[in-house]
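Just so you know, ligand 1 is whichever comes first in the structure, and atom 1 is the first atom listed for that ligand. Counting begins at 1 with the first residue of the sequence.
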Amino acid sequence: MLLSVIIPCYNEEKVINDMYESLRVNCDAVKASGFDAELIFVDDGSRDNTRDILKSLAEKDPIVRYISFSRNFGKEAAMLCGLNYSSGDCVIIMDADLQHPPELIPQMVEGFLEGYDQVIARRNRKGDKAGNSFFARRYYKMVNRMTDVDMPDGEGDFRLLSRKAVNALLSMDEYNRFSKGMFSWIGFRQKVIEYENRQRAAGETKWTFRKLLSYGIGGIMSFNDKPLRICFVLGGVSIFLCLVYMIVTLIQIIISGITVPGYFTTICAIMILGGLQLLSIGVLGEYIGKIYYEVKGRPHYLVDETNMDSEAEKEDKENELS
Ligand code: UDP
Ligand code: MG
């Protein structure tokens, strides 16, 4: 049986070698259970030496594969590419910065052998910045309430997937990919392994506040249409309040005649309704923006260089053999 390990790398020259060493050791450890391994490093358009390091690793070690993108397409694209190129009976996705301990690989493979289709490694938030973990917890609470899929805090992309699960993921060909949600959406039998949170071995995180915010909004948008529903409800509520106000004012006019002052209420109504309308248009706009990219149907990534067979080449070879 074959185990594919997918490692998205973006400017990771400082950690790649350590990562490789550690992977190598742990992949040798699963040999006893009858697994060969392939290490698929996806270089997501790095601007440092990552690509060259990967190439020299590939020359030395035949289990190392690399795929280099033409530019930075983001981690989602890198993971998708890895899944596309992988041919293992099970696949593990992990970060290059050693925050996902490779020592868990044997345990995850064991889970696969027990018959689980997803073996999820869940981290705690020990050592994270207090502010960050506070917001993250709130965020996941909110997302889980708002969306139809369950996304537990601490469960990320670090997991083992069976071929069945991988094929399920690949069958979802949406452009706006939000893996956390998709993993949960596909379901299948799941097992959770807990591990202690780690800090990045070296290099820097690629997350800026702006990226996090946009990722967060994307997460809510891509898995449900509840924000649209909320606009609908808000509209309904404000119509109701306006009606009540109208009736009350009408009665007042009937009883005591028209009184001119009303500046405050007029301004309030204009501002609140204006805000509500803009907000709703914004939500609509977000969805239309997603549809726009969805409809264009552009590829998720462009491969510049690789030592692997592409999908088409793989098929050709299989045809030749049969
Ligand atoms: N990554 C990537 N493309 C990007 C950004 C990140 O492939 O555009 C990779 C990165 O090399 C790392 C993983 O995604 O292996 C997680 O990135 P990072 O450590 O910056 O995220 P964090 O662990 O801080 O959430
Ligand atoms: Mg990291």
Side-chain angles (χ1 to χ4, degrees), residues 4-23 39-54 57 64-86 91-102 104-105 120-133 135-137 139-140 151-159 176-180 183 195-216 218-219 299-306:
S4 306
V5 185
I6 299 171
I7 311 108
C9 317
Y10 178 50
N11 295 345
E12 302 284 10
E13 61 180 2
K14 289 194 188 125
V15 288
I16 283 260
N17 276 314
D18 292 343
M19 180 67 183
Y20 162 74
E21 297 295 339
S22 178
L23 278 171
L39 307 179
I40 306 177
F41 289 90
V42 185
D43 162 28
D44 185 9
S46 300
R47 262 165 286 165
D48 60 3
N49 277 325
T50 304
R51 190 195 288 213
D52 298 327
I53 298 174
L54 290 178
L57 282 178
V64 174
R65 324 250 190 274
Y66 69 89
I67 305 162
S68 255
F69 286 175
S70 62
R71 64 168 174 84
N72 180 240
F73 282 91
K75 189 184 172 192
E76 289 288 344
M79 289 194 292
L80 174 68
C81 171
L83 290 177
N84 263 327
Y85 276 74
S86 73
V91 172
I92 294 180
I93 304 174
M94 53 199 308
D95 286 0
D97 55 5
L98 287 161
Q99 273 186 308
H100 296 164
L104 286 183
I105 291 179
I120 305 157
R122 182 198 289 156
R123 70 181 172 104
N124 53 25
R125 290 199 172 272
K126 226 185 199 166
D128 277 8
K129 275 196 212 120
N132 284 3
S133 39
F135 281 118
R137 280 205 199 101
Y139 173 73
Y140 282 107
M151 289 180 249
D153 184 18
E155 292 183 11
D157 305 320
F158 184 24
R159 59 183 70 213
N176 299 287
R177 295 181 85 81
F178 187 71
S179 283
K180 260 190 198 172
F183 290 138
Y195 73 95
E196 197 70 6
N197 193 23
R198 284 203 192 169
Q199 297 308 317
R200 173 176 258 288
E204 274 148 34
T205 176
K206 275 86 205 172
W207 289 101
T208 57
F209 179 73
R210 242 180 65 203
K211 272 196 192 163
L212 269 178
L213 193 67
S214 131
Y215 181 77
H300 292 89
Y301 54 84
L302 292 173
V303 174
D304 180 24
E305 204 180 354
T306 171

Looking just at side-chain N and O atoms, do Tyr215 and Lys75 make a donor-acceptor pair shorter than 3.5 Å? no

Scan side-chain atoms only and decide if Glu76 and Ser179 contain a donor-acceptor pair under the 3.5 Å cut-off. yes

Any idea which heavy atoms bring [X] and [Y] closest together, and the distance?
{"X": "Ala96", "Y": "Pro8", "answer": "CB-O, 3.8 Å"}
{"X": "Ile7", "Y": "Val5", "answer": "CD1-O, 3.7 Å"}
{"X": "Arg198", "Y": "Gln99", "answer": "O-NE2, 3.1 Å"}
{"X": "Gly82", "Y": "Ile6", "answer": "C-CD1, 3.2 Å"}

Distance to 0.1 Å, residue and atom name: give those for the protein heavy atom nearest to [atom].
{"atom": "atom 23 (O) of ligand 1", "answer": "Gln99 OE1, 2.6 Å"}
{"atom": "atom 18 (P) of ligand 1", "answer": "Arg200 NH2, 3.4 Å"}
{"atom": "atom 22 (P) of ligand 1", "answer": "Trp207 CD1, 3.6 Å"}
{"atom": "atom 24 (O) of ligand 1", "answer": "Thr205 OG1, 2.7 Å"}
{"atom": "atom 1 (N) of ligand 1", "answer": "Tyr10 CB, 3.8 Å"}
{"atom": "atom 20 (O) of ligand 1", "answer": "Lys206 N, 2.7 Å"}

Under-2.8 Å protein N/O/S neighbours of the Mg ion (ligand 2), ordered by chain then residue number: Asp97 OD2, Gln99 OE1

Could you tell me which atoms of ligand 1, counted from 1 in the order shown, lie closer than 4.0 angstrom to a heavy atom of Asp44? 2 (C), 3 (N), 4 (C), 7 (O), 8 (O)

For Asp97, take its heavy atoms, then give the atoms of ligand 1 lying under 4.0 Å from any of them. 19 (O), 23 (O)

Selection from Glu12, Lys75, Met19 by shortest heavy-atom distance to atom 10 (C) of ligand 1: Glu12

Ligand 1 contact on Asp95 by region, counting heavy-atom pairs under 4.0 Å: both

For ligand 1, the portion of Asn72 having any non-hydrogen atom under 4.0 Å away: side chain

Can you classify the ring geometry of Phe158 versus His100 as parallel (below 30°), tilted (30 to 60°) or perpendicular (above 60°)? parallel

Ligand 1 to Pro8 polar contact by distance, N or O atoms, under 3.5 Å: yes

Say whether, by atom type as modelled, one donor and one acceptor occur between the side chain of Ser70 and the main chain of Val303 under 3.5 angstrom. no

Measuring from atom CD1 of Ile53 to atom OH of Tyr20, what distance do you get when rounded to the nearest 0.5 angstrom? 13.5 Å

Quick one: does Met19's side chain get under 4.5 Å of Glu12's, heavy atoms only? no

Going by salt bridge (charged side-chain N to carboxylate O under 4.0 Å, His left out), name the residues that satisfy it together with Asp44, two or more places apart in sequence or in a different chain. none

